[in-house]
Participant: 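This is the structure I have questions about; it appears just below.
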Amino acid sequence: MTPLERLIQESVPARPEKPDVPHSLWTQQEQDRHWTDLCEAMRVPGQKRPARPATPAEAQHGHAA
């Protein structure tokens with residue numbers, strides 16, 4: 001077996017499963033405060049916060065898929 005064939009046969013590690021809880025560097029309290037500040041800056045106080053971030057496709061088209 002050639003070195004190239006041995007290399008090709010090596011198993012490639014798989015990515016770990018996606019965690020159930022999204023990882024964030026901000027605490028929930030920090031996120032809530034940021035949303036409140038953003039709404040006040042946009043002059044829409046009390047606006048309901050989205051349940052999840054938009055996917056790239058949704059962001060590109062400006063609506064939910």
Side-chain angles (χ1 to χ4, degrees):
M1 180 180 291
T2 69
L4 178 58
E5 290 169 331
R6 281 195 305 273
L7 180 63
I8 292 172
Q9 287 187 347
E10 287 182 14
S11 63
V12 177
R15 295 181 100 171
E17 293 295 321
K18 186 175 180 180
D20 293 335
V21 179
H23 175 70
S24 177
L25 299 177
W26 290 19
T27 66
Q28 187 65 47
Q29 186 177 17
E30 290 170 326
Q31 292 176 32
D32 292 342
R33 181 65 200 170
H34 177 72
W35 180 255
T36 301
D37 291 344
L38 178 62
C39 289
E40 289 175 8
M42 298 301 294
R43 297 183 183 169
V44 288
Q47 181 72 25
K48 184 178 177 186
R49 188 173 166 187
R52 62 170 180 78
T55 64
E58 291 170 349
Q60 182 179 10
H61 293 88
H63 59 79

Participant: State which residues pass side chain to side chain contact (heavy atoms under 4.5 Å, CB included) with Glu5; sequence neighbours excluded, sorted by chain then number.
Facilitator: Met1, Thr2
Participant: Inspect the surroundings of CZ in Arg43 and state if more than 12 heavy atoms from other residues, nucleotides or ligands are less than 6.0 Å away.
Facilitator: no
Participant: Starting from Trp35, walk the hydrophobic network (Ile, Leu, Val, Met, Phe, Trp, Tyr; side-chain heavy atoms closer than 4.5 Å) and list everyone else you reach, by chain and number.
Facilitator: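 Members alongside Trp35: Leu38, Met42, Val44.
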Participant: Excluding sequence neighbours, so at least two apart, what forms side chain to side chain donor-acceptor pair (under 3.5 Å) with Gln28?
Facilitator: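 So Gln28 forms a side chain to side chain donor-acceptor pair (under 3.5 Å) with Asp32.
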Participant: To the closest 0.5 Å, what do you measure between NE2 (His34) and OG1 (Thr27)?
Facilitator: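 It is 12.5 Å, given to the nearest 0.5 Å.
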